[in-house]
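Below you'll find the structure, written out as structure tokens, and then a few comments.
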Amino acid sequence: MTDRDRHPHDPAPSLRTLVREAVERAWVRAVESDALPAMPADQAPPEVEITRPDNPEHGDFASNLALKLARPLRRSPLAIAGAIADELRRDPAPDNPVGSVEVAPPGFLNLRVDPAAVLRAVDAALAAGPAFGRVPPMRVAASGPLHVPASGPRAAAMAATVPGPGTAAEPGAGAHAPVPATPPRPPHVNVEFVSANPTGPLHIGNARGAFVGDLLCRVLEAAGQRVTREYYFNDFGSQVRQLGASVLAIREGREIPEGGYRGAYVHDLAAELPEEILARALETGAEADAFVGRWASERVRQGIEASLAHLGVHFDVWTSEGSLYSDGWVDRAVERLQDGGWLYEQDGALWFRSTAFGDDKDRVVRRSNGEFTYFGSDIGYLLQKFDRGFDHLVYVWGADHHGTVARVRNAAQALGFDKAAVEMLLIAWVRFVRDGQEVSMSKRAGEFITLDELLEEIGVDAARWFIAARGHTSGIDFDIELAKKQSSENPVYYVQYAHARISSILRKAAEAGLAPAEAGLASAVRPAADGLASALGDDEIALGLAKLLLRLPEVVEDAAAQHETQGVTAYATELATAFHAFYRDRRVVDTADPATSRARLALVTATRITLANTLALLGISAPDSM
RNA sequence: GCGCCCGUAGCUCAGUGGAUAGAGCGUCAGGUUGCGGACCUGAAGGUCGUGGGUUCGAGUCCCGCCGGGCGCGCCA
């Protein structure tokens, strides 16, 4: 991508992306100028990786490209690195942020960012405000790692091996070819999560899935994707009938039947059941349980929606399993599988040939009694979702559902969709412990801690952080007493404190006449970029803070690519720490030196924007005082 | 038995095949007559469960073993 492809209002690419593009250009030019041999035609060129080295002596960015090229090019890594470094130093692109290049044994390229580029980027962050950190959609598929792009610098480096007429011979052909780095429209992703059946209130076991799903959505949105948040629920069948039977029994003063639901909420429902509904239910005779069940489950569903709203989780679409049948999706899906020859009958049941796609066994779609299985619903739902135009489906499931992953993805393939477009995120279990004893979360037995109760004990912000800071694959032991005790020392408050502290500084600055009063907070203090440079450009401490806040777009890219948010919480902590250190070492509000003060206020304002945007990515509040 | 996930500092957890394995909490020792002390500086603390293998390089990839969780229905 070159400068002219970018528009001022597009999400800005990360510094790392600009650096990678510069290294790719340098590699291409090194091949074109015969400083480096081209890739052997039978080998795929390696991805250009740009990393942030741990050791600051290694610069702001580093690349192992020369190490990876050593074998295929049959040259020493140091020689390759030297050739790329030479071209990098000659790069004429105006948006090249690389200020200096070093080659370090065994062959690393260590890159330093030009301070002027840092200040330009901070200025852009100030201008972007709440949009800072948003990045363009990734040029590689979100699923599947690193497919080889059909064109671009790497292809050019390969094409140079077979110099056909008018391809690589043309100077800069690779770097300046009109490569569509972003698809014509952003990918539209459906994320289905929570999806607990409305037979009882959400308990704290559901909280992890709710947070993980919502966090993923926020991250994908920041990475330029369109996201639909979807909740799938069952509004018919035996569970709902059992709920109705339980409510009815209580209302009529009978014993709750075997296998019924017993929580306090069931008694509440019985008390709230309107006379009119009760009367109509009894008129239906044998269907009374189901009738009451439908009423009760809708009532419960509304309660779930309210609980989720307290978590800051809102769904765009609620889909009932029943609608997949009444709208004909299951029938159409079955027909399509029939046509493809993926179904067969045996023992009176209808089976899907999942083994044809590597599954352990074939799976029943319709039972011999004529009823469809849950899997049957899944198949109809797949067709419905793809028909709605989604490019990618994500299912956030409990880890106990891992056995059903293969069959659903296989069914997608059999229906003619790309299996890679169907992805399951398996959320590991949360074990709830109180006084060393595991607390069971059984709705039927009525012993569980509800989500609403949990939030009274520890706030939403602390709970969100707790989940976001952990990988979704690792099991968590959640000790309720410990969590209450630790909520007051949750790192989330450390980050929020930094934000509140900056807000306070900006208020002070406004009082001192150094910043526009109301702006102090919302809009930015923006001295001209050269003003920033003269006041901050030679200050390593200020520059260090600036470079750190400019990492947010990279954090967003990584989180979206990996579907993980631990990097976001770690980054938030790191940025807060860096700010506290800056605050210790540099006086921000200083009427004796207004020029420096204004430049530092701009930097601190940019830090505040970055902290706020990072917290927003996590769905956590950014208070101005606390 | 077969399959999937997990095992990293006292605790809770990070760590896209790269350079000296990190953070928070806890512990210990320090720090403020200036913009918020819910802060800052430093220290101690690790055979990355274990044994092999792959390679220039392995906490990371492959195989075996040990320990923990989950799954293996014409249940949902």
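For the numbers below, each heavy atom of this structure counts, side chains included, while hydrogens, waters and symmetry mates do not. All values derive from a computational prediction rather than experimental measurement.
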Closest to the [X] side chain: [options]?
X      : options             : result
A/W351 : B/G24, B/C74, B/G36 : B/C74
A/F108 : B/G36, B/C74, B/A19 : B/A19
A/P53  : B/A76, B/C35, B/A19 : B/A19
A/Q239 : B/C74, B/A76, B/C35 : B/A76
A/D400 : B/G36, B/A76, B/C70 : B/C70

Could you tell me whether [X] contacts a base, only the sugar-phosphate backbone, or nothing, with contacts defined as non-hydrogen atoms closer than 4.0 Å?
X      : value
A/A500 : base
A/A581 : nothing
A/T569 : nothing
A/N55  : base
A/A428 : nothing
A/H580 : sugar-phosphate
A/D362 : nothing

Review point. CG/A/L202 to CD1/A/I304 distance, rounded to the nearest 0.5 angstrom?
Key: 4.5 Å
Would you call [X] and [Y] a salt bridge, using N to O less than 4.0 angstrom?
X      : Y      : result
A/D558 : A/R16  : yes
A/K508 : A/E511 : no
A/R586 : A/D539 : yes
A/R52  : A/D60  : no

Practice item. Pick out which of A/V23, A/L18, A/N64, A/L15 makes a side chain to side chain contact (heavy atoms under 4.5 Å, CB included) with A/I50. Key: A/V23
Would you measure the distance from the [atom1] atom in [N] across to the matching atom in [M] and give it in whole Å?
N     : M     : atom1 : value
B/G69 : B/U12 : P     : 16 Å
B/G22 : B/C2  : P     : 39 Å
B/A14 : B/C5  : P     : 16 Å
B/G37 : B/U16 : P     : 36 Å
B/U55 : B/U60 : P     : 16 Å
B/G57 : B/A19 : P     : 14 Å
B/G45 : B/G26 : C1'   : 11 Å
B/C70 : B/G36 : C1'   : 48 Å

Check your understanding: Does some side-chain heavy atom of A/T605 sit less than 4.5 Å from a side-chain heavy atom of A/L506?
Key -> yes
Review point. Would you say A/D235 and A/E298 make side-chain contact, with heavy atoms under 4.5 Å?
Key: no
Apply salt bridge (Lys or Arg N to Asp or Glu O under 4.0 Å) to [X] and list each qualifying residue two or more places apart in sequence or on a separate chain.
X      : value
A/R551 : A/E574
A/R112 : A/E102
A/E192 : A/K385
A/E258 : none

Mind calculating the distance between [atom1] ([X]) and [atom2] ([N]) to the nearest angstrom?
X      : N     : atom1 : atom2 : answer
A/K361 : B/C75 : NZ    : C1'   : 14 Å
A/F579 : B/A38 : CZ    : P     : 14 Å
A/R409 : B/C4  : CZ    : C1'   : 14 Å
A/Y374 : B/C75 : OH    : C1'   : 11 Å
A/D590 : B/G34 : CG    : P     : 15 Å
A/D360 : B/C72 : CG    : C1'   : 8 Å
A/F375 : B/A76 : CZ    : P     : 13 Å
A/F466 : B/G24 : CZ    : P     : 17 Å

Exercise for review: Would you please name every residue forming a side chain to side chain donor-acceptor pair (under 3.5 Å) with A/E49, sequence neighbours left out?
Suggested key: A/K68
Stacking check: are the rings of [X] and [N] less than 5.5 Å apart at their centres and under 30 degrees in tilt?
X      : N     : answer
A/H401 : B/G71 : no
A/Y583 : B/C35 : yes
A/Y494 : B/G24 : no

Which atom pairs link the protein and nucleotides 56-59 of chain B when you take only N or O atoms and keep those under 3.5 Å?
residue: B/C56; atom: OP1; partner: A/R71; partner atom: NH2; Å: 2.3

Point to revise | A/Y325 and A/F372 aromatic ring geometry - parallel, tilted or perpendicular at 30°/60° bounds | key: tilted
Review point. Quick one: ring-ring contact (aromatic ring centres under 6.0 Å, His included) partners of A/Y231, sequence neighbours excluded?
Key: A/F315, A/W318
Exercise for review: Mind checking ring-ring contact (aromatic ring centres under 6.0 Å, His included) for A/F61 and listing every partner two or more places apart, or none if nothing turns up?
Suggested key: none
Do any N or O atoms of the protein come closer than 3.5 Å to N or O atoms of nucleotides 14-16 of chain B, and which pairs are they?
residue: B/A14; atom: OP1; partner: A/G471; partner atom: N; Å: 2.5
residue: B/A14; atom: OP1; partner: A/S474; partner atom: OG; Å: 3.0
residue: B/G15; atom: OP1; partner: A/Q566; partner atom: NE2; Å: 3.2

Review point. Does any residue of residues 363-370 of chain A have a heavy atom under 4.0 Å from RNA chain B, and if so, which ones, in number order?
Key: A/V364, A/R367, A/S368
Practice item. Scan residues 342-353 of chain A for pairs that pass side chain to side chain donor-acceptor pair (under 3.5 Å), counting only residues two or more places apart or in two chains. Key: A/Y344-A/D362
Does [N] have OP1 or OP2 sitting under 4.0 Å from an N or O in the side chain of [X]?
X      : N     : result
A/K508 : B/G36 : yes
A/Y493 : B/C25 : no
A/R584 : B/U41 : yes

**Study point:** Watson-Crick or G-U stems of RNA chain B, 3 or more pairs, under 3.5 Å, by first number
**Key:** B:1-7 with B:66-72, B:10-13 with B:22-25, B:27-31 with B:39-43, B:49-53 with B:61-65
Practice item. Check if the side chain of A/H402 and the base of B/G3 share a donor-acceptor pair of N or O atoms closer than 3.5 Å. Key: yes
